[in-house]
Amino acid sequence: MDKTSEEDRINEMTDTIMKVARGEYSIQIKSSEENDDLDSLAIGINMMIDDIRASVEEVEREQAMSDEKIIELEQSEAATLSILEDMYEIHERLKKTQKKIKQQNIKLKKLNQIKSDFLNVTSHELRTPMSAIKGYIQMIKTQTLGETTKEQKNALNIVLRNINRLDHLIQDILDISRLESETLKLIPEKTNVKTMVEETVETMQSSADLKHITINTVIEDKIPEITVDQERIKQVIINTISNAIKFSPDGSIINVRSKENKDFILVEIQDFGRGIPKDKQKKIFETFYQVDSGMDRKFGGAGLGLAISRGIILAHGGEIWVESIVGKGSIFYFTLPVVGIGEEFKGIDIFGLENGGV
Ligand code: ADP
């Protein structure tokens with residue numbers, strides 16, 4: 001092996017290493033087939049070049065993959081951003097709507113307060129002259145102010161009937177405004193349900209007799225005593241029985257039942273009258289609502305009885321509802337918790353204004 005060719009081979013190696021350093025990885029040092037030390041060195045350098053090439057290719061592949069990932073990430077970031085923008089816009093719109101609803105709610109509450117105050121004041125103001133009129137009519141009727149003819153007496157009876165009707169209406173309006181303004185006071189007392197229901201049915205007997213209606217009363221003997229405002233619960237029973245009489249044909253039957261049902265006392269008033277259409281069965285518990293306003297007003301009602309009854313029952317922690325089939329009849333149900341009510345009644349939010357309006 002002469003010196004020059006050795007030098008050439010070393011030069012080739014240096015050259016190759018320089019090229020590799022500049023980024024050419026696909027080159028290799030040709031073998032001289034001398035099998036000497038320089039050859040082993042060349043093989044070593046070639047192996048290193050192979051290693052470097054493999055590592056560089058690996059790094060390039062990873063780079064390409066992470067570039068793809070970056071693009072994907074950028075795309076999903078853009079999508080997230082636009083979703084966020086949309087959400088922000090929706091949120092802003094929601095905030096505005098909420099604000100509007102709140103303002104309308106405040107307005108509604110104020111209006112409701114004005115209405116309650118108006119009802120309260122007017123009904124109080126109407127009651128005072130009413131008692132004076134009633135008193136004088138009674139005096140004329142009993143001839144305290146001189147003799148009256150038969151015709152005058154008949155006329156006075158009609159006046160008295162209408163005055164009583166008006167008085168009843170004023171009383172109902174007062175009750176509604178008390179329930180609405182949460183000032184209705186309940187007077188709780190220990191009550192025997194059987195006695196209370198039977199006594200109430202008795203007071204309704206004369207109106208039932210006018211239409212030859214039979215009222216059957218079935219009350220479970222073991223029904224426990226409960227603490228309720230007896231007069232108010234009687235008012236509910238009178239109301240539902242008087243409706244049952246009003247909307248039932250002559251000679252029909254009314255069933256009044258009461259039993260204990262778990263933690264509640266259940267009272268049912270069943271009639272076989274005209275019934276109530278399904279879509280009206282909730283509405284009849286609203287103030288001034290009547291199924292047939294023209295017809296039903298002729299019966300002397302104003303659509304307040306059931307709203308008051310609902311208020312009274314809710315105030316006692318019970319529920320009131322109706323099941324009815326048009327042409328077949330209705331069953332009004334109400335419940336009263338066996339635990340009874342506390343001393344202080346806080347009133348109820350009959351129109352649900354506290355919970356976001358009607
Ligand atoms: P009203 O003084 O008009 O009877 P209520 O609040 O007691 O007022 O009842 C509201 C309406 O519900 C009535 O006008 C009537 O249309 C309907 N209603 C109530 N009870 C009965 C019933 N037993 N059968 C049929 N309809 C009824």
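Every number for a ligand or one of its atoms is a count from 1 in the order of the listing.
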Novice: Number the atoms of ligand 1 from 1 as they appear, then name those within less than 4.0 Å of a heavy atom of Lys246, with their elements.
Specialist: 1 (P), 2 (O), 4 (O)
Novice: Taking only heavy atoms of Leu304, which atoms of ligand 1 are found under 4.0 Å from at least one of them?
Specialist: 6 (O), 8 (O)
Novice: Check whether any heavy atom of Lys280 sits under 4.0 Å from an atom of ligand 1.
Specialist: no
Novice: Do Ser242 and Met204 have side-chain heavy atoms sitting under 4.5 Å apart?
Specialist: yes
Novice: Within the 4.0 Å heavy-atom shell around Gly303, which atoms of ligand 1 are there?
Specialist: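 Here the atoms of ligand 1 in question are 1 (P), 2 (O), 3 (O), 6 (O), 8 (O).
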Novice: What closest approach, in Å, do Gly273 and Pro249 show between heavy atoms, and which atom pair accounts for it?
Specialist: CA-CD, 3.8 Å
Novice: Just heavy atoms, cut-off under 4.0 Å: does Val291 contact ligand 1 by side chain, backbone, both, or neither?
Specialist: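 Near ligand 1, Val291 shows its backbone as well as its side chain.
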Novice: Would you call Thr335 and Asn261 a side-chain contact if the rule is heavy atoms closer than 4.5 Å?
Specialist: no
Novice: Testing the basics here: between Gln63 and Ser66, what is the closest heavy-atom pair and its distance to 0.1 Å?
Specialist: O-OG, 3.0 Å
Novice: Testing Glu199, Glu202, Glu198 for salt bridge (charged side-chain N to carboxylate O under 4.0 Å, His left out) with Lys234, which one passes?
Specialist: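 Answer after filtering Glu199, Glu202, Glu198: Glu199.
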Novice: Counting each atom of ligand 1 from 1 as listed, which ones have a heavy atom of Leu306 under 4.0 Å away?
Specialist: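 Taking each heavy atom of Leu306 in turn, ligand 1 has 5 (P), 6 (O), 7 (O), 9 (O), 19 (C) under 4.0 Å.
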Novice: Can a non-hydrogen atom of Phe332 be found less than 4.0 Å from any atom of ligand 1?
Specialist: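 Yes, Phe332 has a heavy atom closer than 4.0 Å to ligand 1.
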Novice: Under 4.0 Å from a heavy atom of Ile276: give me the atoms of ligand 1 that qualify, with their elements.
Specialist: 21 (C), 25 (C), 26 (N), 27 (C)
Novice: If I compare all heavy atoms of Ile213 with all of Gln205, which pair ends up nearest, and what's the gap?
Specialist: O-NE2, 4.2 Å
Novice: For a 4.5 angstrom cut-off between non-hydrogen side-chain atoms, does Met18 reach Arg22?
Specialist: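 Met18 vs Arg22: side chains touch.
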Novice: Would you kindly specify which portion of Tyr289 sits under 4.0 Å from ligand 1, judged on non-hydrogen atoms: side chain, backbone, both or neither?
Specialist: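 The backbone, only.
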